[in-house]
Amino acid sequence: MAEDLVLDTAIRDWVLIPLSVVMVLIGILRYFVSKLMRSSQVPDPKIVKEGQVIVRARNLRAGANFIPPKSFRSRRVYFSNEENGLLFVPKGQAQNAQAQMFSDPNMAMDMMKKNLSMIIPQTLTFAWVNFFFSGFVAAKIPFPLTQRFRSMLQNGIDLSTVDVSYVSSRSWYFLNLFGLRGLFSLILGEENATDDTQRMMQMSGFGFDPTKSLGAEKDGLDIVQHEWALPKFEHRAEAVLKKLIR
Amino acid sequence: MVSKTEETQLNRLENQVDNGGGGAWEYLCLVRKLKVRRSEKVLKHGLSILNDPKKRSALGPEEWTLYEQVAIAAMDCQCLDVAKDCIKVLQKKFPESKRVGRLEGMLLEAKGSWAEAEKAYSSLLEDNPLDQVIQKRRVAMAKAQGNISGAIECLNKYLEIFMADHDAWRELAEIYVSLQMYKQAAFCYEELILSQPTVPLYHLAYADVLYTLGGLENLQTAKKYYASTIDLTGGKNTRALLGICLCTSAIAQLSKGRNKEDKESPELQSLAATALEKDYKQRASDKLGLLTSALRSLKI
């Protein structure tokens, strides 16, 4: 049965190779298109500042014990007082921050561009593969596999009798879609590889609300117990010197 | 901060390149990565690559990075013609690039035409007001012109937004020390200690500033920071050891009249003194006399 299945060489010439070549070419095309559409965005000073405030406040929290109590207290007041502290967010402002982010047309535009350059070619190629090559057994891998691989390798063929080591054309498309990253990084250079997973990570970063982390940082700072570490250092220095002299 | 292993690696590579052992490109990459300032070497080896068409084309797109690196190094060495050539090549390749615009501004700055450089920088800042490099260049320019108060103003403005940039805090601290504004400098050093609590140099500098400020409380704090420096350096820092001795004697003088609630370890000073003597004996035995007389004059 499975051993009897002989693949026509025409399938190799007209399905397997064209499919791979088209996938590579589309990947390269996508790279250049996205490069064309990339707009250098000017970051909002307020957001940059908020990020920096958070870093500095975190430093203060982590290193609090290394500065004298007076300095620590003045810094804490500077960060978290209820009038104009850097970490203090007025109540009304907290809510519309996100709305404002969505209403910013530039941001939406950017996201659209990213989406377009990612989704459109994918749907098009998928439709193309489906239309022309549906149901083809395009290749055979030279080792046997267990039944579990059937959904991965034989997408589009609903025959349970075909040996799992045969790859359907649609599955070949998927394998190419996810497996060509290494090739792209060779062709386009290390960082330029169009990485879908990375893009998705960036997407999920959108919608992050800085005011929330400001508030969290403020709470963290408020409960820090300041215990000056320096008096301990005198004893430690003594111990170090004793060892050194001996 | 450059770690010790990185530095030895860098020195080894530099040695190798200097003696014609190849690896110039790796050396230049490492210099770029560690952001160290070895402009003369960079200029020499970078130019030798750039002047060799075969080697240059082997770099591929990295060629332009090298042009930038060499241009900056050339400006540092006052080889303005070389820098000009490099920038011209870059300009041809990337017209309208802001990064090249920055280099042109730096070239003007290196020539000393401050007004033009300022104009170039401010036009670049208009496009991107958050360009950190350009803002720092402006500070450097103000400093180079001797306009220290202007530099402080620029730095403060910069730090208002980029308040987590510890290099800027360090620069500000050093400027304040040079102007003898020790209270402000102390604040900056506190900020540095917060951002990198394990760097002994900041502890030491902070202690120095506190000692200079004087006053019983500051002196006691200074002594603690000298002690932490000793702890962090393993007792290898001579300045910190001397600082302990000076602080102890100053504290003793100030608190002479008052009741002596000396809960602080009196032992530390004698230990520091012995460590100093031992260190001098090992490394500079001819100066041992100076040290002992100096220490004796501090003795209470």
Side-chain angles (χ1 to χ4, degrees), chain A residues 40-76 78-79 86-87 187-192 217 221 224 226 228-246, chain B residues 60-61 98 127-132 159-166 169 186-187 189-198 202-203 206 210 217-218 220-221 223-236 240-241 244 263-265 267-268 270-279:
Chain A
S40 67
Q41 52 192 149
V42 178
D44 184 7
K46 201 171 148 241
I47 291 176
V48 174
K49 190 178 171 183
E50 272 169 2
Q52 296 268 322
V53 166
I54 288 173
V55 173
R56 193 171 161 208
R58 201 167 289 158
N59 280 342
L60 176 60
R61 203 149 49 99
N65 294 342
F66 284 91
I67 58 172
K70 219 160 75 188
S71 315
F72 173 73
R73 279 199 296 273
S74 68
R75 274 182 174 75
R76 176 149 78 182
Y78 175 60
F79 275 118
L86 287 176
L87 290 174
I187 301 173
L188 304 171
E190 279 300 325
E191 303 99 44
N192 303 333
E217 207 53 51
L221 205 56
V224 169
H226 185 264
W228 200 20
L230 265 293
K232 254 181 277 166
F233 270 97
E234 288 194 354
H235 299 287
R236 281 170 66 175
E238 266 177 41
V240 166
L241 286 180
K242 265 181 200 154
K243 212 188 252 169
L244 195 74
I245 291 166
R246 214 186 305 130
Chain B
K98 297 211 179 81
D127 289 334
N128 179 10
L130 291 180
D131 195 320
Q132 296 189 37
L159 279 170
E160 208 158 280
I161 293 183
F162 298 100
M163 49 177 69
D165 184 343
H166 50 85
W169 280 111
F187 181 88
Y189 279 120
E190 278 164 13
E191 206 58 46
L192 282 167
I193 290 173
L194 281 177
S195 65
Q196 289 168 316
T198 52
Y202 299 152
H203 287 245
Y206 184 49
L210 285 177
E217 200 184 329
N218 281 335
Q220 277 164 347
T221 317
K223 193 179 159 198
K224 291 191 177 68
Y225 278 92
Y226 279 127
S228 70
T229 313
I230 289 177
D231 184 40
L232 290 170
T233 54
K236 297 267 161 47
L241 291 171
I244 290 278
K263 54 192 172 182
E264 282 159 46
S265 46
E267 218 184 335
L268 194 56
S270 56
L271 279 171
T274 345
L276 268 176
E277 272 165 7
K278 192 183 168 201
D279 198 32

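All chains are named by letter (A, B, ...) in the order of the sequence lines, taking the proteins before the strands, and each is independently numbered beginning at 1. Only a predicted model underlies this, so the values are computations on that prediction, with no experimental measurement involved.
Taking A:Ser74, A:Pro68, A:Ala229 one by one and counting their heavy-atom pairs under 4.5 Å with chain B, the maximum is reached by A:Pro68. When A:Val55, A:Val48, A:Ile67 are compared by the number of non-hydrogen pairs under 4.5 Å with chain B, A:Ile67 comes out ahead. For chain A, the option among B:Leu241, B:Ile193, B:Asp231 with the highest count of heavy-atom pairs below 4.5 Å is B:Asp231. With chain B as the partner, the residue from A:Ala57, A:Pro231, A:Gly63 showing the most heavy-atom pairs under 4.5 Å is A:Pro231.
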_side chain to side chain contact (heavy atoms under 4.5 Å, CB included) evaluation trace for A:Lys49 with B:Phe162_ = CA-CA 6 Å; A:Lys49 190 178 171 183; B:Phe162 298 100; over 6 Å; no
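A:Glu234 places no side-chain N or O within donor-acceptor distance of the main-chain N or O of B:Ala227, the cut-off being under 3.5 Å.
Annotation: the span from A:Gln52 atom CD to B:Ile161 atom CD1 amounts to 9.0 Å, rounded to 0.5 Å. To the nearest 0.5 Å, atom CD of residue A:Glu238 and atom OG of residue B:Ser270 are 8.0 Å apart. A:Phe233 CZ to B:Ile230 CD1: the interatomic distance, rounded to the nearest 0.5 Å, is 12.0 Å. The structure places CD of B:Gln196 at 8.5 Å from CG of A:Asn59, a figure rounded to the nearest 0.5 Å.
Only the backbone of A:Ala64 comes within contact range of chain B, with heavy atoms under 4.5 Å apart. For B:His166, no part lies under 4.5 angstrom from a heavy atom of chain A. Within the 4.5 angstrom heavy-atom criterion, atoms from both the backbone and the side chain of B:Ala272 approach chain A. Of the atoms belonging to B:Glu277, not a single heavy atom falls under 4.5 Å from chain A.
Residue A:Lys70 places its NZ atom among 12 or fewer non-hydrogen atoms of other residues, nucleotides or ligands, all under 6.0 Å distant. For B:Gln132, the CD atom counts as densely surrounded, since its 6.0 Å shell holds more than 12 non-hydrogen atoms of other residues, nucleotides or ligands.
By the 6.0 Å and 45° rule, A:Arg75 stacks over the aromatic ring of B:Phe187.
The shortest heavy-atom contact between B:Gly235 and A:Val240 is N-CG1, 3.8 Å. Across all their heavy atoms, A:Leu244 and B:Ala275 have their closest contact at CD2-CB, 4.4 Å. Across B:Ser228 and A:Leu230, no two heavy atoms sit closer than the pair CB-CD1, 3.5 Å.
Note: A:Trp228 and B:Tyr225 have tilted aromatic rings, judged against thresholds of 30 and 60 degrees for the angle between ring planes.
Applying the ring-ring contact (aromatic ring centres under 6.0 Å, His included) rule to A:Phe79 yields no partners; only residues at least two apart in sequence or on another chain are considered.
Contact annotation: the side chain of A:Phe72 never approaches that of B:Glu190 to less than 4.5 Å [non-hydrogen atoms, C-beta and beyond]. Using a 4.5 Å cut-off on side-chain heavy atoms (C-beta onward), A:Arg56 and B:Trp169 make contact. Within the 4.5 Å cutoff, the side chain of A:Leu241 has no heavy atoms near those of the B:Thr274 side chain.
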